[in-house]
Amino acid sequence: MALLPLGSRFVAARLPEALAYAAVLAAEPEEVAERLEQRLQGPVIFDGRTMGGTYYALMEPRDRPAWKHQDVAPLLGRGTYLGLPKLTRREPPGMYWVVPPRFTGDLCTPEHVAALIAHGRERLARELEQ
């Protein structure tokens, strides 16, 4: 595993497992991975050792307006370090790539990640209303 600083080459959105599951309408690991790959079109790491399971979507650094999902899916940037597993690590235990990078510089777009989070928030809110 490599510990890399966030902010200049990429940032990461930290998505709780429940939010990711709600967003992709799945909970089986293979199905979640497939749907995250389709929706985000970029690399995603999973860490089952923290906070009940956490997904990290690696994104282009943001020069745009403030991140609107800081309360549920914090944007990690400058001043934060993130452990990245070896590119060959594709299953637990520990951190692993749910969606590995396809090429050097491969990142999710902030728009795709924000749309996924918004969809997950809507689904979770509807579940709470029922």
Side-chain angles (χ1 to χ4, degrees):
M1 180 160 55
L3 191 62
L4 297 179
L6 300 178
S8 59
R9 294 191 341 210
F10 61 92
V11 296
R14 182 173 60 209
L15 289 76
E17 188 174 61
L19 178 67
Y21 287 178
V24 299
L25 304 172
E28 293 297 320
E30 295 83 19
E31 195 171 358
V32 172
E34 183 179 302
R35 292 181 183 187
L36 285 173
E37 183 173 20
Q38 292 168 351
R39 299 277 307 269
L40 297 180
Q41 301 175 17
V44 180
I45 296 169
F46 180 74
D47 187 354
R49 303 168 302 159
T50 60
M51 300 172 10
T54 304
Y55 290 87
Y56 294 92
L58 305 186
M59 302 187 304
E60 304 161 354
R62 294 185 57 85
D63 291 334
R64 296 176 265 278
W67 184 245
K68 296 178 182 176
H69 303 289
Q70 197 68 18
D71 58 331
V72 295
L75 183 66
L76 308 176
R78 291 199 187 277
T80 306
Y81 287 77
L82 181 64
L84 299 181
K86 288 182 182 181
L87 286 174
T88 56
R89 189 157 183 79
R90 306 282 169 86
E91 58 188 34
M95 291 182 84
Y96 64 95
W97 292 98
V98 173
V99 181
R102 300 164 292 180
F103 51 85
T104 300
D106 185 25
L107 296 169
C108 304
T109 66
E111 294 77 16
H112 284 135
V113 177
L116 180 92
I117 293 166
H119 184 69
R121 288 180 91 158
E122 289 172 18
R123 298 244 340 129
L124 289 174
R126 275 188 258 146
E127 288 176 14
L128 288 174
E129 290 174 358
Q130 295 178 358

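Side-chain atoms of Val98 and Leu36, non-hydrogen and from C-beta on, do get closer than 4.5 Å to each other. For the pair Arg123 and Arg126, the minimum side-chain heavy-atom distance is below 4.5 Å. Using a 4.5 Å heavy-atom threshold, the side chains of Met59 and Leu75 count as touching. In this structure, the side chains of Val44 and Arg39 stay at 4.5 Å or more apart for every pair of heavy atoms.
Within the structure, the ring-ring contact (aromatic ring centres under 6.0 Å, His included) test picks out the following pairs touching residues 77-127 (sequence neighbours left out): Phe46-Tyr96.
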(message) Show, in sequence, the C-alpha distance, side-chain angles and deciding distance for Leu58 and Leu82, and conclude whether the side-chain contact (heavy atoms from CB on, under 4.5 Å) test is met.
(response) CA-CA 10 Å; Leu58 305 186; Leu82 181 64; 3.8 Å; yes
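Clustering ILVMFWY residues whenever any of their side-chain heavy atoms sit less than 4.5 angstrom apart, transitively, puts Val72 in a cluster other than the one holding Tyr56. Hydrophobic clustering, with ILVMFWY side chains joined whenever heavy atoms are under 4.5 angstrom apart, keeps Leu128 apart from Leu124.
Rounding to the nearest 0.5 Å places CD of Glu129 at 10.5 Å from CD of Glu127. Rounding to the nearest 0.5 Å gives a distance of 6.0 Å between CG of Leu76 and CG of Leu6. Trp67 CH2 to Ile117 CD1: the interatomic distance, rounded to the nearest 0.5 Å, is 4.0 Å.
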Return all side-chain donor-acceptor pairs below 3.5 angstrom for residues 9-29, not counting sequence neighbours, or 'none' if the list is empty.
{"residue": "Glu17", "atom": "OE2", "partner": "Tyr21", "partner atom": "OH", "Å": "3.0"}

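Of all the heavy atoms in Pro110 and Glu60, the pair that sits closest is CD-OE1, 3.5 Å. Taking each heavy atom of His69 and Arg121 in turn, the nearest pair found is ND1-NH1, 3.2 Å. Shortest non-hydrogen contact noted between Ala57 and Val113 is CB-CG2, 3.9 Å. Minimum interatomic distance between Pro43 and Cys108 (heavy atoms only, all atoms of both residues): O-SG, 3.6 Å. What you find for Leu3 and Gly83 is that their closest heavy atoms are CD1-N, 3.7 Å. Shortest non-hydrogen contact noted between Gly42 and Val99 is O-CG1, 3.2 Å.
Just one residue in the list Pro61, Ser8, Pro5 forms a side-chain contact (heavy atoms from CB on, under 4.5 Å) with Arg78, and that residue is Ser8.
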